[in-house]
Amino acid sequence: MGKRNAFDEIMGFSGAAPPRPALAALGEWLADTPEHELRRRQEAAETTFRQLGITFAVYGESEASERIIPFDIVPRVFLKSEWDRLSEGLVQRVEAINAFLDDIYGARRILDEGVLPADLVLGNDQFRPEIAGIRPPHGIAAHICGIDLVRTGPDEFFVLEDNARTPSGVSYMLENREAMLRLCPELFRELRVAAVDSYPDLLLETMKSVAPHGAGPTPRCVVLTPGHYNSAYYEHSFLADSMGVELVEGADLIVDDDVVWMRTIEGLVKVDVIYRRIDDDYLDPLVFRIDSALGVPGLIAAYAAGNVAIINAPGNGIADDKAIYSYMPEIVKFYNGAEAKLPNVETFRCREPSALTYVLENLPELVVKLVDGSGGYGMLVGPTASKAEIETFRAALIAEPQRYIAQPTLALSTVPTMADQGLAPRHVDFRPFVLSGSDGVRVVPGGLTRVALKEGSLVVNSSQGGGTKDSFVLMDDGASGSAQSQSADGQTQTMGSMSQNQGGAA
Amino acid sequence: MRLAIDHRTLYRFSAPQRRLVQMLRMTPQNHHDQTVASWRIDVDCDATMRDAHDGFGNATTMLYVAGPIDAIEISVTGEVVTSHSSGELHGTNEVFPAALFLRATAATRADPAIARFAEDTAGGRATTEALHRIAQSLHDRFAPDTSRPKPGLAAGDAFAYDTGTARDLAQIFLVAARHLGAPARYVSGYRLSDDAGLSTPHGWAEAFVAGVGWLGFDPSVGRSPDDNYVRVAVALDSTGAAAVAGARLGEADEVIEVDIGVSESQ
Amino acid sequence: MMLLSRTASSLYWLGRYIERADFIVRIVEATVRLDVLSSRPAGEVAWSSALTVTETDADFAESGAAMTQTQVVKFLTLDTSHPGSVLHCLSRARDNARAVRTALSRDAWTAINRAWMIFENHAGVGGTSATLNMVEAVKNETRGFEGAVHRMLRNQATWFVRLGQAIERADNTARLLDVKYHILLPEGEKVGGVVDRDQWTTILQTVSAVTAYRWLYSDGLRAANVIDLLVTRKEMPRSLAASVEEVVDILGDLARHTGAHGEADRMARMREARTTRTRSSEVIASGLHQYLRSFIDENAQLHGAIGRQFRFG
């Protein structure tokens with residue numbers, strides 16, 4: 001692979017001033033705002049997050065080590081045209097994920113036609129035979145998807161990972177935007193940024209739209225949390241609060257006669273839609289782990305009887321499994337009929353002998369991942385790994401090739417980020433949130449941008465020193481493509497004359 | 001043969017329970033060698049029951065009881081007409097490709113000792129004869145244990161003992177068969193036994209042989225199930241096929257008494 | 001919005017635990033004054049009765065510790081091996097508060113969190129002044145919590161916290177009087193006879209009633225007056241009558257909100273009617289101890305009825 005500069009999303013391929021013409025205004029803001037001022041605002045944002053308790057627990061450390069995820073004050077920006085193309089790809093992919101789940105727990109046409117190796121599904125722990133044959137209300141299983149993307153150029157996006165179980169991080173999307181509106185209001189005068197604060201309303205609409213048919217005109221929706229010791233409890237309570245629905249624990253729900261009820265001080269109240277933030281394993285001790293104290297006995301029976309919608313549906317893990325991931329282009333084509341608009345990162349399945357040979361020969365250039373690993377653990381980043389680390393992985397690959405996939409290291413895009421020595425390019429990834437209801441698929445114009453704060457690092461996981469940024473989706477392309485785009489002044493004027501109506505600021 | 005089943009399960013709680021929810025897999029289904037002539041499930045208190053099927057296609061009954069409740073008896077009675085096809089299964093409700101049953105579960109994890117035993121006994125290939133040899137040699141190797149199986153005992157751990165319950169032997173069989181590449185599943189049901197004292201639920205195994213189909217094996221007697229058997233539920237292990245999966249609200253100890261009568265009816 | 005039974009239960013218990021923690025520090029404070037600061041140290045008797053009032057005497061005996069100020073104070077404040085210590089109550093209060101954080105104001109939560117943190121760095125109890133400082137710090141935070149709850153929106157959440165506090169307060173005051181009743185009504189002595197002024201003051205201090213007493217009764221410390229104050233005087237916030245009335249009021253607020261009356265409402269109103277008719281002279285004549293025992297039993301039954309009515313489960 002050529003050693004071309006990483007694409008900087010604000011500065012362009014050159015990585016230095018002048019910025020991309022369409023983002024001249026943002027470039028000016030970066031140049032004009034003193035560094036100490038940026039730092040002050042960044043600290044103010046982090047103080048707020050700490051007070052709100054937006055923390056996460058780090059594995060292997062004690063309970064006391066709850067930390068906030070570092071926040072970076074410089075936003076990443078998508079132009080309207082970039083976002084529109086990206087959205088089309090996301091919609092197509094999420095439609096395929098839903099079609100796949102409907103098929104794989106139903107007729108399994110995709111296996112009969114040999115598109116996927118049957119053993120990859122049937123032998124996969126994420127395929128849950130316990131719920132096979134159950135069709136979720138309205139046939140939708142993946143209501144909330146978080147699709148992890150990386151970028152290498154203006155229109156070059158690659159899917160790194162699908163999240164169709166209980167993708168988290170949406171509270172960061174909303175809280176980061178709140179902080180930006182408060183701390184950098186001038187940016188929202190310069191740029192027309194699409195609002196994200198309607199997310200809770202959209203989510204509630206989505207939930208209501210997939211309520212079982214017998215639910216009546218005002219279905220009752222709840223958020224189900226494992227409880228206040230869970231590291232994502234803040235997000236659970238935040239979502240319940242902002243949707244105006246109850247935050248329940250397993251013990252608050254009972255199932256009687258295949259119907260789910262919530263225990264309130266005024267008696268039992270029927271529940272129609274459950275946004276659960278509990279893993280499948282713990283949902284219902286009658287069907288999954290019998291030692292689960294978090295779940296609701298009988299929940300799956302109520303679900304099978306069509307009396308409750310579970311968001312996301314149980315069994316979705318098969319759709320975002322890393323072993324299945326490499327077949328996503330084939331899966332999209334199978335259900336959609338057309339080629340996938342959003343490509344995968346090229347992936348070598350080490351279970352295939354020829355791929356394994358290639359991987360073993362090119363380990364220093366590749367990223368190797370455990371099929372069943374997550375959070376950046378069990379991962380080799382060839383270009384930055386030591387000889388010893390590479391040899392450890394070589395041995396592991398030879399011993400159990402089927403547990404690994406490998407991918408080339410991409411020249412991931414960067415965004416200017418506040419580092420110790422001032423603004424510097426840092427690699428980012430992106431998780432947009434896609435909602436699927438009975439009325440269609442919607443992409444919320446924004447998402448969670450994670451940034452690798454260490455220079456040169458490609459690992460953005462919060463557990464490994466990653467931070468977050470706000471993600472702006474512009475409602476226009478500035479003057480891109482026209483003569484005005486040549487002139488930063490002209491563009492600034494155009495921006496300045498635009499409506500400043502910012503939903504998020506209200 | 002016409003078999004009459006009378007299966008009573010009595011739960012007694014040391015303190016009253018506010019609520020009881022159970023999933024019962026207690027209803028046999030028809031197949032080529034098994035016709036359910038009559039069948040009913042009764043409980044001795046006010047309850048709601050809902051029939052459905054689980055993911056494996058087994059017939060289920062959800063049982064909901066509002067408390068306070070300090071004891072409940074579930075009685076299952078019925079008659080099943082059986083015939084004999086040398087252990088081969090025909091006309092069963094197959095909802096999954098056989099390959100699904102190659103999966104391991106917590107109770108049927110791959111185990112090196114069972115793997116060695118499987119290879120030594122079978123000579124490496126999962127033929128019908130080899131699987132029979134495995135069932136037979138499990139029967140020879142373990143003295144029968146008719147007590148209640150230890151909850152959660154995994155096949156690999158059970159293999160270290162020299163006595164085994166029907167459940168343990170069946171689960172060891174599953175691990176052995178899967179190791180040889182044969183899909184295998186646990187079956188829960190009833191068996192007419194000469195041993196009058198036998199009153200525990202019975203469990204055995206089925207394995208899939210390419211070109212032949214699903215075959216039954218009962219390592220606890222060393223033979224194939226015949227017309228003395230009533231097949232009720234299948235799953236990846238005994239927990240998945242258990243007659244009762246239950247939860248209750250309220251802290252208390254429970255005592256379970258199970259009484260099973262299987263007899264030939266005229 | 002419908003209040004989940006679990007949320008209601010957590011709020012109610014939060015109220016009870018905060019109130020209990022407050023009561024225990026008051027007992028500790030009053031006993032320190034009685035034993036250490038009075039002219040005639042009361043010694044073991046004082047500490048032993050502090051344990052009886054908090055129903056921790058059996059646990060303390062089992063611990064094998066000596067009946068000294070240091071040991072008893074430590075046992076009643078920091079020791080989490082039994083459920084009767086301040087720290088135990090505050091931890092439980094904090095757990096309940098965390099579970100329903102969205103139902104509480106930030107002020108209310110911080111007060112609980114800070115009260116709990118007072119003990120975080122305490123390995124031992126120190127001397128008398130350290131103990132009194134600690135007591136003062138806890139009382140400050142529980143007062144802060146009280147204030148924060150009163151500043152919260154008047155909704156179901158605050159009602160359940162206050163309901164828990166009122167039920168707990170009724171129990172505590174009755175228990176305090178019951179344990180000290182032999183001081184109030186010494187056997188074989190005439191009511192109004194010579195009494196142990198220090199012991200009496202202890203009782204009044206524990207329920208913050210020293211000043212109130214002086215305002216209401218001009219004829220000096222008399223058993224009949226103390227009993228009258230703590231049993232029948234509604235204007236005295238920690239009296240049985242005030243707690244009984246508060247329970248009725250709060251249940252009434254809840255009933256107006258939910259539109260449903262239940263077992264607890266009926267029981268609380270009957271109790272209030274009876275308490276209003278109660279004359280302290282009759283209580284004394286017919287036996288204070290019996291009266292208090294049946295009050296404590298009835299209060300426990302009301303607690304049970306509240307749990308059933310609001311389905312705490």
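Every chain is numbered from 1, with letters handed out A, B, ... down the list of sequences. In this text, all values refer to a predicted model and were calculated from it rather than measured experimentally.
The greatest number of non-hydrogen atom pairs below 4.5 Å with chain C, out of Val248(A), Val269(A), Thr225(A), is found for Val248(A).
Panel note: side chain Ser5(C), backbone Thr264(A); a donor-acceptor pair is recorded below 3.5 Å.
Among all heavy-atom pairs drawn from Ile265(A) and Leu4(C), the shortest one is CG2-O, 4.2 Å. When all heavy atoms of Leu247(A) and Arg6(C) are compared, the pair lying nearest together is O-NH2, 3.4 Å. Considering every non-hydrogen atom in both Arg311(C) and Glu266(A), the closest pair reads NH1-C, 3.5 Å.
For Tyr233(A), the part lying near chain C is the side chain, with the backbone staying farther off; criterion is any non-hydrogen pair under 4.5 Å. The contact between Ala99(C) and chain A is made by backbone and side chain atoms together, counting heavy-atom distances below 4.5 Å.
In this structure, Ile290(A) places its CD1 atom where only 12 or fewer heavy-atom neighbours from other residues, nucleotides or ligands lie under 6.0 Å away.
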